[in-house]
Every structure is written in structure tokens, then in C-alpha cells.
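To start, the structure under review is shown below, and the notes come after it.
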Amino acid sequence: MSLVVPRLLSSKSIEIYSILIIIVWTAVFSFSLWFNIKHEKRHVFEMITGELNRHYADIDLFRHWIANNGGIYVPVSNKIQPNPALEHFPEQTIKTQSDRVLTLVNTPQLLRLLSDEKNNFNVHMTSLRPLNPMNKADEWETKALLSFEQGKEEVCEEADYKSASYMRLIRPFRYEANCAECHFDRTYKEGDVLGGMTVSIPLQSHYSNAEKVINNLYVSHGTAWFLGLIGIGFGYGQHRSHEKKRKINEAQLRETSLAFNNLDEGLVMMNADRNIIAVNDAFSRITAYDKQELVDKNLSYLRSQFVSPDQYNQMMSSLQKTDSWEGEIKFLNKDDMVVPINLRIDAIFNAENNISKYILVFSDISERKEFEKTLDHLAHHDHLTNLPNRLLLNDRLSQAFIRSKRENKAVALLFLDLDNFKNINDSQGHHMGDVVLIEVTQRLKKAIRKQDTLARLGGDEFVVIIEQVESEEDVLNLANKLIHTLSDQFSLEQKEYYLGISIGISMYPKDAETVSDLLSKADIAMYQAKAKGKNNCVFYNPSIDKDFLGKITLESELRKAIENQEFILHYQPQVSINSNKIIGAECLIRWQHPEKGLMYPDSFIHIAESSPLMIKMGELVIEQACTQMQTWLNQGIALEKLSINIAAQQISYPDFAKNLIECIEKHKLPEDCLELEITENFIMEKDKESVNNLKMISDASIQVAVDDFGTGYSSLNYLKQLPISKIKIDRSFTDGLPFDQHDSAIIHAVIAIAKSLNFKVIAEGVENLEQLNFLKKAGCDEYQGYYCSEPLDATAFKNLLAKSSVI
């Protein structure tokens, strides 16, 4: 798809043209202003010179009339006196009949009188040799008269006169015959310059009018020029706006074109007749068709490539009803490869609400389909062995039940659990454990039929589904084959390991009719096989001992109890025999069962100790004990220590000591406020990890006591080697005090041994004063038992401390 955009003038060109237009516009108006000002000045000059000429002609005509008629008589007044220049005339002064005195006035005098009476012009007759001093030429007139002697006939120019600017016109008077009457005493020849007559007009009023005109010219031209600039600027702005819009549209078109050709989805644009107008690169890539092959082709050209006739009709029907259609199709591209496509068709309407175009969007969903397939596989298969997981196992069991009903054949479910796998996993690490599980998977696959299903539930648990079972004997034979398959040794890092397998078998529909029940029954049978000595197989039997089922149920409930934190602690006081003060307490776990109520450890602790649950349960006990100790200390209760029972699994856990110390530091407790109680049997079974943990605990000032001392087979040498600070005498020995001689002897011996090893001694199970007095005489340090108090919850224990005189 290509886009053609009409090209206008560039912004740079418009700027240049605009500047040129402004320059030309300014030049035109400057020239017009100059021309009009010049014309106005010329007009003023012509008007003034014309006025001068008119005045001059009128005055000259009047002068000639006076000269030809011998002058004019006017009344004598203060202003008009007899002219000395006319004294030679006998009739210079005359009287009228009414006795008015008249005097003869010659032309220069009369013109002077006329000039004085007018303001708009001035007349002066002058000469270089005037008869009357009042007719003496000024500087300007002198220059003009001299020029007349050189032959010039007129001088008209602007000059200063009477401290103002005047336009002055002077023309010469030349000597004629009739001039002798007045100039008889002068030696003039005919044609000589007698003088001249000057007419002067003040320019101020004329210039004021001209200045107004010129100012109007400035205003009119300036206004027109400025309006022109505004017009030019507006036109420039409009063009810039159009240019900006054009660039935006052009960029949008380019972006649209770029986006059209760079979309991952294939795009096809068709006209109203469903003929292809344009396709993008992605469509060509998906379909392997060149663009030119498809342009002007009708939609029906691709019809056979991507839809069946029924689907095509459905597509056309949807377009007619809703103007769109979307669905998945399988497209046969030009290379005859089937490509899964998600196709969407939308109609585009014009302003008249008629369909003008169709847009087809082709999305290649091959990767999505493959990803969905991968996700489906991951969701239904074990990531390590690639075997079906529990989800897929349930589905296949459900399908097997359906086929079983249809074919009237039984289904066998074998629940497999590896024996001794935990030892390999713990000693060699999880990585080697995974290697073993992969090897086990390969061996089991070879032992079963192709139509059978092998699945992994997790950990070291596997399940085999066997369909079309003819007899239980066939199932038993397969189970024995599986046991034999795993009896061969496993070689890991040049070491040989042996695994066993315990198999529990349940049958559909004899033992159960649902998937979960069949799995549960096979699981129960597997535990029975382990109980029989492992490496064995057992069919489910309804008569399985209820206690066995109870243990399985109890373990499951324990897991939930740990998750829901249903455990609480009770505290039994530990009292100093010498001071009779409560100095500590033993933490005793209780299970607040949601249905059975408060349960004591005798009913569940053995299940926890035989499973990994003991690690998590022990962590909960330590966390609760530290939290409670912190609370009491913050409340000002002076309690020296809390004793916590520790199982062998806990003390052999690699991070036990580190986690314990971190818990104490988290609650900001004194390091010696905790005391751990380990069993006597642990001393004989100690391993390297346990000893390291005990040393770390001892280094952190945490005391260690041996619980139930005297009931096992302790080695005094081991007691000496381990960081032990206290021995607890079992209640089985305190029960017979003070009357049983054997118990008394044993207690004296234990206390003597403890003192020799510098251990403290505490006796449990003290229930009366006689027992307490015996222990005091024997040198026992502390005691606990019902004589002081039974185990109490935290609130009751706090109340006991508050009211007891032994605090």
C-alpha cells in the first residue's frame, strides 16, 4: 500500500516569498508616499508661484496706470506725509474746496502703503540707487538686481524675509523715456536697470496646509501599508497552518502506511464490491501471495483457500446482519501449508451510511496455538519426568471408567511409592534425587504396556492405570514385574544405591466408583504394603485395621493443623527446690482440634515424629515460646527460662541452630532464656549435623538438658563430650519415692553422676511433699509436677505467678 500526498510550497519557501512580498509591498508604498509628497510639494510651489505671478501682474498693471497718469493724490495724515522725492513737483500738495490737504503719492510710496495694509503678501519697489531710502534693496534683492544687470529677467525662490520664510518674486524695471520725469537727475541709459519690484508671500500658512496633506499621506499610506502587512501575515499564517496540517496529515498518512505495512496482522482492504484494493506485507508473509497477485481480485478468489462453503455463507450472512464477522479458519497458503488464522471482517461506511470498504484482519495464531498446546501439556504433565500429572491422571481415570462400563472390564490402579528414596535425596541432594526419579520413570515405562498410563503424583509417588483387566492375577504379575524392575542397583557418582517399591492396588468398580475414592483406596493399600516390610504389593481390603486408617487420617489432619496454626502451648512451672521460687516453665504442645477439642501430644506426636511434619511443628513451638517470653518480659514478669522439647529430626536439621538464634534475636530475648530438652536416646544416635547444631546452640549460651534420663542407654562418655548443662530425671523414678528402694538408689546415683559432671538436676512428676523432701535431701536442684501446678495456658500461668508466694 503506497500513499501519494500532493506537495505544496515548503515552509522555507513560504518564508522567503513572504519576506519578498513585504519588501515589495514596503517599496511600493514608500515610492507612492515619496511621489505623493513630492507632488504635493510641487503643487504647493506651483500654487504659490501662481499666486505670486497674479499679485505681481495686478500690482504691475496698477503701477503702470499710476505712472502713466502722473500719480495719485491722497489726503495727508499722520501715516501719509508729502514725499520728499516729489518736492520738485509744483503741485505736490494741494487743497480742495473743502480745505482738505492732498499730497501727490508716487508708485513706490503707494505700493508700500498697499503692502502694509495686506497680510497675505508684501510688495516692495527697490533699487540699487533708490531715490527714497525706503526703497533700498535688502541683501536678497541686491543679489537679484545684480543678476538682472547680467541679463537675468526674473528671480523666484524661497528666502528668509522679516525673520520668516517667504516665497519671493522680483522682476527688473528698465530705463525708458518716460522715466526721465522722475529720474532726471540720474545718468541712466535706455535699457539700464533702474530697480525692480518684489512680491513676497509668507509660506507658513501654505506649508501648514501642505504639512497637513503630507501627514494625511503618511497616515493613509502607513495604514494601507500596515493593513497590507496584516494581510500578508494572515496569508502567511494561513499557509503555515495549512502547511502544518498538511505535514501532520502527511505524517499520519506515512505512519498509517508504515503501520499498515508493519503490523504483525495481515490486513486486506476491499471496496464495496469486495474487490481487493490493497494488502500489507504481513498478509503476503502469512499467505505467501504477492501483493500484485491479489489487487483487484474479488474476495471469492480466496474463498476456497480459507473457508468451506458453509462457513462462507455464515460469514456473508453475519456481514449482512451485523456488518462484521470474526472466527478461526484454517488458511491454505500459496505453498499449500495450512496456517491457523483468526479472521475478522468489518464493514466501513461513508457519509451517506453506505458501505464503502471492507477491512479484513488476518492474525496468524500458529504460535498461540503452539503455546496453548505447550501450556496444556505443562498443565497436565510433570515437569521433571514428562509423565501425566494428577490432573491428567484424573481425566484418564474418568475416561477409563466410561470405557470400563461400556466394555464390562475392570480397571486396576497401582499406587507406587519408592522405598529408601529419602535417604538418597537427603545424602546426595535434590539434583541427584531428580536423576534417580528420571531413571525410575524410564524403567517403569519399559515394564508396562503401551496402552497403560504411568503418572507421577509428586515426590516419589507414581500411579499406573491398567485397563481391560481380566483377573487380579494379571495385575499382581504386573506389580511384581515393577518391583523386580526397580530391584536392580542405581549407580550415582560411582556409588551404588538400591531402591525398593511399595505398591497398593485398588480395583474399579469393586473397591470404589469415583476417581478420588479409587486413589484413596490404593494409597491405603500402599501404606499397608510398607507396613508389611516394603518392597511389596497389597490389594486393598475393606478389613484394613481402623487404627491404620486413623493414622493416615491423623497425619492429613496434622498437615492442615500446621497450615492453620491450630497448636497452642501450655506451661508447667519449674521450681527451684532451695528457694521454692518458680524460675521457669516447660512448654508443652496442645492441639486445639476444630472438632475433637483440646488434644494432648500423646495422641499425635508420634505421627509427627515419623514424618517431615515434625520440623515445621517444632518451628511453630519455638516461635510461640519466644513470642510469649517476650510478652512476659515486657510486662515485667521475671522468668528465667522456658524449656522446649526438641525431637531428633529437628536437631539434625541443618539450619536448626541458625533459625533458633535468629528467632531469639528477632524477639530481642536474652540468649540464656531458652533451654532445649533432648531425649537420652538421641545421645546414642547423634550424627555430625546434630553435634554441630548443639555446639552452635551452646556457643549462643542456650542451655541443653537431657530429658527422660535413666530410661535409655546413655554413655557417660557421650554425656561428657556433648554441651549438656542439665539432666532431667524421668517421672517413672519419682513415682516410687520415697519408699521404693530401687527408685531411691537410682535417683541418688543419677544426682551423684550429674554433680560429678557439673550438671544441674531437675526431677519431673513430683506430686507430693514426701517426694519433694526426698529430692531436696538428695541434692536435686529443681522440680516440676502437679505438686506445684499442672500445665497451664499462658493466661492461667501468668495468674499463678501473680498470686504465688514463690515468685
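Keep in mind it's a predicted model, so treat the numbers as computed, not measured.
With a 6.0 Å radius and a threshold of 12 heavy atoms from other residues, nucleotides or ligands, Arg100 has its CZ atom at or below the threshold. Heavy-atom neighbours of Phe226 CZ from other residues, nucleotides or ligands within 6.0 Å: at or below the threshold of 12. Around atom CD of Glu153, more than 12 heavy atoms belonging to other residues, nucleotides or ligands sit under 6.0 Å away. The neighbour count for Lys143 NZ, taken as heavy atoms of other residues, nucleotides or ligands under 6.0 Å away, does not exceed 12.
Taking the charged nitrogens against the carboxylate oxygens, Glu40 and Lys212 have no contact shorter than 4.0 Å, which rules out a salt bridge. Electrostatic pairing of Glu662 and Lys658 counts as a salt bridge here, judged by a charged N lying under 4.0 Å from a carboxylate O. Using a 4.0 Å cut-off between charged nitrogen and carboxylate oxygen, Lys162 and Asp138 do not count as a salt-bridge pair. Comment: Lys136 does not engage Glu141 in a salt bridge, judged by the lack of any side-chain N to carboxylate O separation of less than 4.0 angstrom.
Looking only at side-chain heavy atoms (C-beta outward), Met270 and Asn275 stay at 4.5 Å or farther from each other. The side-chain heavy atoms of Asn36 and Leu33, taken from C-beta on, include no pair separated by under 4.5 Å. Residues Trp225 and Val28 are not in side-chain contact: their nearest non-hydrogen atoms beyond the backbone lie 4.5 Å or more apart. Residues Glu623 and His667 meet the side-chain proximity criterion, which asks for heavy atoms closer than 4.5 Å. Contact check for Met197 versus Ile59: side-chain heavy atoms found under the 4.5 Å cut-off. Looking at Glu154 and Leu169, their side chains come closer than 4.5 Å, going by heavy atoms from C-beta outward. Residues Ile19 and Ile21 form no side-chain contact, since every pair of their non-hydrogen atoms from C-beta on lies 4.5 Å or further apart. At a threshold of 4.5 Å between non-hydrogen side-chain atoms, the residues Asn122 and His124 count as touching.
Side-chain contact, Ser165 with Gln204: no donor N or O sits under 3.5 Å from an acceptor N or O. If you check the side chains of Asn53 and Arg171, you find a donor sitting under 3.5 Å from an acceptor. Under the 3.5 Å distance criterion, with hydrogens and angles disregarded, no donor-acceptor pair is assigned to the side chains of Thr198 and Arg168.
Side-chain N or O atoms of Asp346 include none that pairs as donor or acceptor with a backbone N or O of Ile359 at under 3.5 Å. Using modelled atom types, one side-chain atom of Asn389 and one backbone atom of Leu392 make a donor-acceptor pair closer than 3.5 Å. With hydrogens and angles disregarded, no donor-acceptor distance shorter than 3.5 Å links the side chain of Glu149 to the backbone of Leu145.
Atom CZ of Phe148 and atom CZ of Phe173 lie 10.0 Å apart (nearest 0.5 Å). One finds the CD1 atom of Ile232 at 10.5 Å from the CG atom of Leu20 (value rounded to the nearest 0.5 Å). To the nearest 0.5 angstrom, Ile214 atom CD1 is 13.5 Å from Lys38 atom NZ. Between atom CG of residue Leu360 and atom CD1 of residue Ile345 there is a gap of 4.0 Å, rounded to the nearest 0.5 Å. From Leu217, atom CG reaches atom CD of Glu211 across 12.0 Å, with rounding to the nearest 0.5 Å. A distance of 10.5 Å separates CD1 in Ile80 from CG in Leu102, rounded to the nearest 0.5 Å.
When all heavy atoms of Ala224 and Trp25 are compared, the closest pair comes out as O-CZ2, 3.4 Å. Taking all atoms of both residues into account, the shortest heavy-atom contact from Asn280 to Leu267 is OD1-N, 2.8 Å. Minimum heavy-atom separation, Lys152 to Pro172: O-CG, 4.4 Å.
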Practice item. Let me see the working for Ser127 and Leu194 under side chain to side chain contact (heavy atoms under 4.5 Å, CB included), right down to the final yes or no. Key: CA-CA 6 Å; Ser127 174; Leu194 291 176; 5.5 Å; no
Point to revise | Residue pair Lys357, Asn271: steps toward the side chain to side chain contact (heavy atoms under 4.5 Å, CB included) verdict | key: CA-CA 4 Å; Lys357 292 181 180 62; Asn271 59 21; 5.5 Å; no
Review point. After noting the C-alpha distance and the side-chain angles of Phe45 and Ile48, does the key distance pass the side chain to side chain contact (heavy atoms under 4.5 Å, CB included) rule?
Key: CA-CA 5 Å; Phe45 179 80; Ile48 293 172; 5.9 Å; no
**Study point:** Working for side chain to side chain contact (heavy atoms under 4.5 Å, CB included), residues Tyr73 and Thr93
**Key:** CA-CA 8 Å; Tyr73 283 94; Thr93 303; over 6 Å; no
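The aromatic rings of Trp34 and Phe31 sit tilted relative to each other, their planes meeting at an angle between 30° and 60°.
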